[in-house]
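Since the model is a prediction, treat every value here as computed from it, not as a measurement. Atoms within each ligand, like the ligands themselves, are counted from 1 in listed order. As a basis for the values below, the full set of heavy atoms in this structure was taken, side chains included, without hydrogen atoms, waters or symmetry mates.
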Amino acid sequence: MHAPVPPAAAPALPTAPSYAPASEALKAGGTIEPVREILWGSSAGMRKYETAQEVPEEMRKLIIRLMVVQADTEFASIQQHRPWLDQAPVLEDRWIEARIVADEARHGLQACRILRDFGEEGQRYIDDLLTKREGEHKLDAFNMKFDRWSDVGAFTCFVDRVGVYQLRAFQECSYGPLARAMPLMLSEEQLHLNFGASVLRRMAKDGPKYAGSKEEAQAAIRKWYPRALDMFGHSQSETSRLAIDLGLKRWTNEEARERYIAEIAPIIRSMGLELPPADFDRRIL
Ligand SMILES: [Fe+2]
Ligand SMILES: [Fe+2]
């Protein structure tokens, strides 16, 4: 008689540490292949939430809040860009302006689709978002007009770049529909911020032969950089910590802001222009 063979042990369920390399790669600003599991926060290793119905209440509230702000910025920037669709200095710039407006409309729609999944409550927010006029938006950077072409350059170089950080913070987040919207949005935003840098660079280099002047580009940097840094939110924000714990965002506000400053500083220096100090003219610290 042989002793009964014990049944093979069930394969171990994945646990948080096995996702550590992917999570670390994302936190460091890299990209990874899409995965089904939550990569960070207190539910790391569990399957991502795939529908609005299965999302826990605290997370539901935060997703709605984040998507309302996201959609509001997209719709606001359409209003800001609109006057420049037929005033940009050269033909290619007008075409890119038109593309940016179309992209921002699509991003607004994308955020609203996520809100719509949250039923009547989400729909009420969408209805409200569509009534917002210039000057009524949530973040200061989106209530300022583009008075000169240098404003368009500095806005897309600085403010769209913050937008990219906000989107990258959602990459591979714990809510599947949001995570899956990121790659396309990110590739579109990349055009916007490269365009902004090219406007400032051409202005600084060619002056009135292109448009404006180096001084005008510098003044626009001083106007928009502080508003862009404010967009990351308060350094000690509890909401940003909650967003990380829920697996929705991967950086705290301050971590994202520091990465952003490190990225933008050499770009502006290479144009022969200067960033003001990070605490210059700030409203949200
Ligand atoms: Fe956008
Ligand atoms: Fe954009």
| query | Should His107 and Glu188 be marked as a side-chain hydrogen bond (donor to acceptor under 3.5 Å, both in side chains) after you check the CA-CA gap, both sets of side-chain angles, and the distance that decides it? | reply | CA-CA 9 Å; His107 300 167; Glu188 288 164 344; 2.7 Å; yes
| Can you name the nearest heavy-atom pair linking Trp251 to Ile244, along with the distance? | C-CD1, 3.4 Å
| Ser198 and Arg202 side chains, donor-acceptor separation under 3.5 Å | yes
| Any Lys/Arg nitrogen of Glu136 or Arg133 sitting under 4.0 Å from an Asp/Glu carboxylate oxygen of the other? | no
| Residues in side chain to side chain donor-acceptor pair (under 3.5 Å) with Arg148, at least two apart? | none
| query | Taking the Fe ion (ligand 1) as the center, what protein N, O or S atoms are found at less than 2.8 Å? | reply | Glu74 OE1, Glu104 OE1, His107 ND1, Glu189 OE2
| said: Check for me whether the distance between the ring centres of Trp224 and Phe155 falls short of 6.0 Å. | reply: yes
